[in-house]
Amino acid sequence: MSRRSLGWIAGTAAAALVAAGAITYAVAQDGDGPGTRTPDAKSADAGFARDMAVHHQQAVEMSYIVRDRTRNEEVRRLAYDIAQTQANQRGMMLGWLDLWGLPKVSADPPMTWMGMRGMPPGEDGALMPGMATNSELKKLQSLDGKQAEVFYLQLMTEHHKGGIHMAEGCVDKCAVGVEKRLAQGMVDAQQSEIELMAGMLKERGARPRS
């Protein structure tokens with residue numbers, strides 16, 4: 001990974017920590033926030049925060065990769081926006097788990113909180129629906145220019161679809177109001193980005209994989 005990319009990662013991580021800390025503290029003071037009623041480790045609130053933090057981390061990783069593989073400003077700007085947004089949201093969710101005194105990992109399979117305990121285990125590092133496999137991440141790292149742009153847009157489209165499914169589960173099952181609102185915001189924003197990426201793929205003579 002280039003020195004430029006490492007500097008960008010460090011700046012993004014620092015900004016995410018500051019924003020997440022400020023928002024988590026503000027939420028704790030909010031009568032409708034996680035500081036008011038503490039969920040337990042088996043709750044949808046805790047499960048969503050844990051699973052989506054993992055899901056978001058991969059989106060951030062993919063966005064770091066593609067910024068090193070293309071000079072196209074449109075794709076680089078999208079990758080930057082996704083990385084900033086999802087790093088901030090990930091920090092908020094991990095902060096809530098700390099606030100609730102709950103572990104950031106669980107012995108239960110991913111998405112058990114959605115009633116999906118029987119879901120087949122993910123293959124090659126893809127722990128949840130929409131996540132890229134380790135082989136796909138390695139392939140993205142090997143591509144350049146238009147090929148990297150197309151593959152990133154295809155992977156991120158699938159990633160967003162999986163994220164939307166999970167966020168809709170929180171909207172339906174979570175009890176903490178501010179977390180439900182965050183989940184609904186994810187649904188709206190990622191659906192908009194899916195539509196944007198479909199147009200970007202079409203401009204490159206490609207389409208989503210599914």
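Along the sequence shown, residues carry numbers from 1.
- A59 and Q86 get closest at one heavy-atom pair: CB-OE1, 3.2 Å.
- Between the side chain of D45 and the backbone N or O of V176 there is at least one donor-acceptor pair closer than 3.5 Å.
- Environment of NZ in K139: sparse, with no more than 12 heavy atoms of neighbouring residues, nucleotides or ligands closer than 6.0 Å.
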Worksheet entry | I164 vs M186, side-chain contact (heavy atoms from CB on, under 4.5 Å): CA-CA, chis, key distance, verdict | CA-CA 7 Å; I164 287 172; M186 290 178 187; over 6 Å; no

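- Put simply, CG on N88 and CE on M92 are 8.5 Å apart, with the number rounded to the nearest 0.5 Å.
- Between P109 and T112, the closest heavy-atom pair is O-OG1, 2.6 Å.
- Both I82 and V150 are part of a single hydrophobic cluster, where members link through side-chain heavy atoms under 4.5 Å apart.
- Summarising the geometry, atom CG belonging to L196 is positioned 9.5 Å from atom CG belonging to L201; distances are rounded to the nearest 0.5 Å.
- When the side chains of ILVMFWY residues are joined at heavy-atom separations under 4.5 Å, either directly or via intervening members, M52 and V171 end up in two distinct hydrophobic clusters.
- Among pairs with a residue in residues 166-176, none fulfils salt bridge (Lys or Arg N to Asp or Glu O under 4.0 Å), at least two apart in sequence or across chains.
- What you find for R67 and A79 is that their closest heavy atoms are CG-CB, 3.9 Å.
- Of the inter-residue distances, the one linking R181 atom CZ with C174 atom SG reads 12.0 Å to the nearest 0.5 angstrom.
- Using a 4.5 Å cut-off on side-chain heavy atoms (C-beta onward), H165 and M111 make contact.
- The number of heavy-atom neighbours closer than 6.0 Å to CD of E193, taken from other residues, nucleotides and ligands shown, is above 12.
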Practice prompt. Dump the intermediate steps for side-chain contact (heavy atoms from CB on, under 4.5 Å) on M93 and L182, then the final yes or no.
Written response: CA-CA 10 Å; M93 291 181 287; L182 175 67; 4.2 Å; yes

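- With rounding to the nearest 0.5 angstrom, the OG1 atom of T85 is 9.5 Å from the CD atom of Q190.
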Practice prompt. Show your working on side-chain contact (heavy atoms from CB on, under 4.5 Å) between M200 and L78 and close with a plain yes or no.
Written response: CA-CA 11 Å; M200 293 169 72; L78 173 66; 4.0 Å; yes

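- The backbone N or O of E149 lies less than 3.5 Å from no partner atom in the side chain of N72, so there is not a single donor-acceptor pair.
- The two atoms that bring V60 and A87 nearest to each other are CG2-N, 3.8 Å, heavy atoms only.
- The main-chain N or O of Q154 is never found under 3.5 Å from a side-chain atom of R209 such that the two would form a donor-acceptor pair.
- For V66 against Y152, the heavy-atom pair with the smallest separation is CG2-CB, 3.6 Å.
- K104 contributes no side-chain N or O that, together with a main-chain N or O of A53, makes up a donor-acceptor pair within less than 3.5 Å.
- Here S63 contributes atom OG and R76 contributes atom CZ; the two are 11.5 Å apart, rounded to the nearest 0.5 Å.
- Qualifying salt bridge (Lys or Arg N to Asp or Glu O under 4.0 Å) partners for D188, counting only residues two or more places apart in sequence or in other chains: none.
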Item to complete: For side-chain contact (heavy atoms from CB on, under 4.5 Å), just list the numbers for Q58 and L137, CA-CA rounded to whole Å, side-chain angles, deciding distance to a tenth of an Å, and then say yes or no.
Response: CA-CA 9 Å; Q58 189 184 73; L137 293 177; 4.0 Å; yes

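- Within the structure, the ring-ring contact (aromatic ring centres under 6.0 Å, His included) test picks out the following pairs touching residues 42-61 (sequence neighbours left out): F48-W113, H55-H159.
- The side-chain heavy atoms of K161 and T157, taken from C-beta on, include a pair separated by under 4.5 Å.
- Heavy atoms of other residues, nucleotides or ligands lying less than 6.0 angstrom from CZ of R207 number 12 at most.
- Closest of all the heavy-atom pairs between T70 and V75 is CG2-CG1, 4.2 Å.
- Proximity of a side-chain donor or acceptor of R50 to a complementary backbone N or O of A41 within less than 3.5 Å is detected.
- The distance from the CZ atom of F151 to the CE atom of M62 is 9.5 Å, given to the nearest 0.5 Å.
- For D51 (side chain) and P110 (main-chain N/O), no donor-acceptor pair under 3.5 Å exists by modelled atom type.
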